[in-house]
Amino acid sequence: MGRMSDQPARWTQANVYPDMWADPDDDPRNSDGVSPDGELATLQDFLTNYRMTLRMKCEGLDAEQLARRSVPPSTMSLLGLLRHLAEVERDWRNWISDGEPLPKLYGERDADFNEAVGEQAQVDAAYADLAREQAATDAALAEHPDLGERLGKDGFAVRELLVHRIEEYARHCGQADLLRECIDGRVGQ
């Protein structure tokens with residue numbers, strides 16, 4: 001007789017390569033084309049793929065699962081990560097602006113995680129907030145294609161901001177891997 005556990009068994013959707021999240025032919029992050037030319041296009045490609053990875057980690061879960069916390073005392077959840085990344089996308093625009101800072105989306109510090117609850121309306125709002133803030137930051141940076149250009153009060157280089165965005169998404173995708181595995185056993189790649 002096997003042991004009972006409240007931990008989900010590990011699983012994957014992949015059939016050809018069972019240790020992967022998705023088979024390479026079905027993975028939307030894979031392209032048959034050549035890699036991007038140039039530094040800016042390469043950085044944008046990496047950012048796009050990490051954004052897509054985060055969305056993939058959240059696919060197929062209901063509101064309660066998305067809001068499920070990792071381990072006490074952490075308030076981290078997949079929903080919290082979606083809200084957090086919307087918040088930081090907005091804040092990155094503050095880095096490149098000389099004007100007054102944009103207000104926080106969710107209020108006080110850490111409200112993006114602390115107030116993430118398993119309600120579908122909040123999930124829908126988080127996805128909408130993230131898409132809107134990503135588009136706004138992308139549009140603001142599109143006005144500055146020179147990666148060495150320094151912006152904002154503190155003179156951040158466009159390159160530095162793009163690399164920081166990639167790092168932020170990559171780190172949170174790693175956390176999302178673990179959160180998802182705890183929810184339903186699905187493992188990432």
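All of these numbers come straight from a predicted model, not from anything done at the bench.
S77 and R68 make their closest contact through CB-O, 3.2 Å (heavy atoms, listed as atom of the first residue, atom of the second, distance). Across all their heavy atoms, P101 and N94 have their closest contact at CA-OD1, 3.2 Å. Contact detail for L179 and S70: the closest heavy-atom pair is CD2-CB, 3.4 Å. Among all heavy-atom pairs drawn from L82 and A126, the shortest one is CB-CB, 4.3 Å. Smallest separation of non-hydrogen atoms from R83 and Y106: O-CE1, 3.2 Å. Between P145 and L40, the shortest heavy-atom distance links the atoms O-CD2, 3.9 Å.
Around CG of D98, the count of heavy atoms belonging to other residues, nucleotides or ligands within 6.0 Å exceeds 12. Taking a 6.0 Å sphere around OH of Y127, one finds it holds more than 12 heavy atoms contributed by other residues, nucleotides or ligands.
Between R165 and D138 the shortest side-chain heavy-atom distance falls below 4.5 Å. Looking only at side-chain heavy atoms (C-beta outward), L61 and R180 come within less than 4.5 Å of each other. In this structure, the side chains of L141 and T137 come closer than 4.5 Å at one or more pairs of heavy atoms. Contact of the V158 side chain with the D146 side chain is not registered, since no non-hydrogen atoms from C-beta on lie closer than 4.5 Å.
Without hydrogens or angle criteria, D154 side chain to F156 main chain gives no donor-acceptor distance under 3.5 Å. Put simply, the side chain of E133 never gets that close to the backbone of L130: no donor and acceptor are under 3.5 Å apart. Checking side-chain atoms of K57 against main-chain N and O of M52 turns up no donor-acceptor pair under 3.5 Å. Checked by atom type and distance alone, the side chain of E87 pairs as donor or acceptor with a backbone atom of L105 at under 3.5 Å. The backbone N or O of F113 lies less than 3.5 Å from no partner atom in the side chain of D110, so there is not a single donor-acceptor pair. Although no hydrogens or angles enter the test, the distance criterion places no donor-acceptor pair under 3.5 Å between the side chain of R90 and the main chain of L102. At distances below 3.5 Å, not a single donor-acceptor pair connects side-chain atoms of S97 with backbone N or O atoms of R93.
To the nearest 0.5 Å, atom CG of residue L85 and atom CG of residue D129 are 12.0 Å apart. Remark: R150 CZ to L161 CG distance equals 12.0 Å, nearest 0.5 Å. Of the inter-residue distances, the one linking L178 atom CG with I183 atom CD1 reads 11.0 Å to the nearest 0.5 angstrom. Between atom CZ of residue R51 and atom NE2 of residue H172 there is a gap of 13.5 Å, rounded to the nearest 0.5 Å. We find the NE2-CH2 distance between H164 and W95 to be 3.5 Å, quoted to the nearest 0.5 Å. Remark: C182 SG to Q65 CD distance equals 12.5 Å, nearest 0.5 Å.
V117 and V123 end up in different hydrophobic clusters when Ile, Leu, Val, Met, Phe, Trp and Tyr side chains are linked at under 4.5 Å. Residues L147 and L151 share a single hydrophobic cluster, defined by chaining ILVMFWY side chains whose heavy atoms lie under 4.5 Å apart. Put simply, V163 and I96 are part of the same group of oily side chains (I, L, V, M, F, W, Y) that touch within less than 4.5 Å, one to the next. Clustering ILVMFWY residues whenever any of their side-chain heavy atoms sit less than 4.5 angstrom apart, transitively, puts V88 in the very cluster that holds L54.
Residues E168 and H84 have side chains that bring a donor and an acceptor to within less than 3.5 angstrom of each other. Using modelled atom types and a 3.5 Å distance limit, the side chains of N49 and Y169 yield no donor-acceptor pair.
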Task: salt bridge (Lys or Arg N to Asp or Glu O under 4.0 Å) assessment of R132 paired with E89 - done: CA-CA 9 Å; R132 182 190 65 246; E89 286 282 357; over 6 Å; no

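Sorted by first and then second residue, the salt bridge (charged side-chain N to carboxylate O under 4.0 Å, His left out) pairs involving residues 111-125 (not counting sequence neighbours) form an empty list.
Aromatic ring orientation, Y50 versus F46: tilted (interplanar angle from 30° to 60°).
Salt-bridge formation is detected for the pair R171/E167: a Lys NZ or Arg NE/NH1/NH2 atom is positioned less than 4.0 Å from an Asp or Glu carboxylate oxygen.
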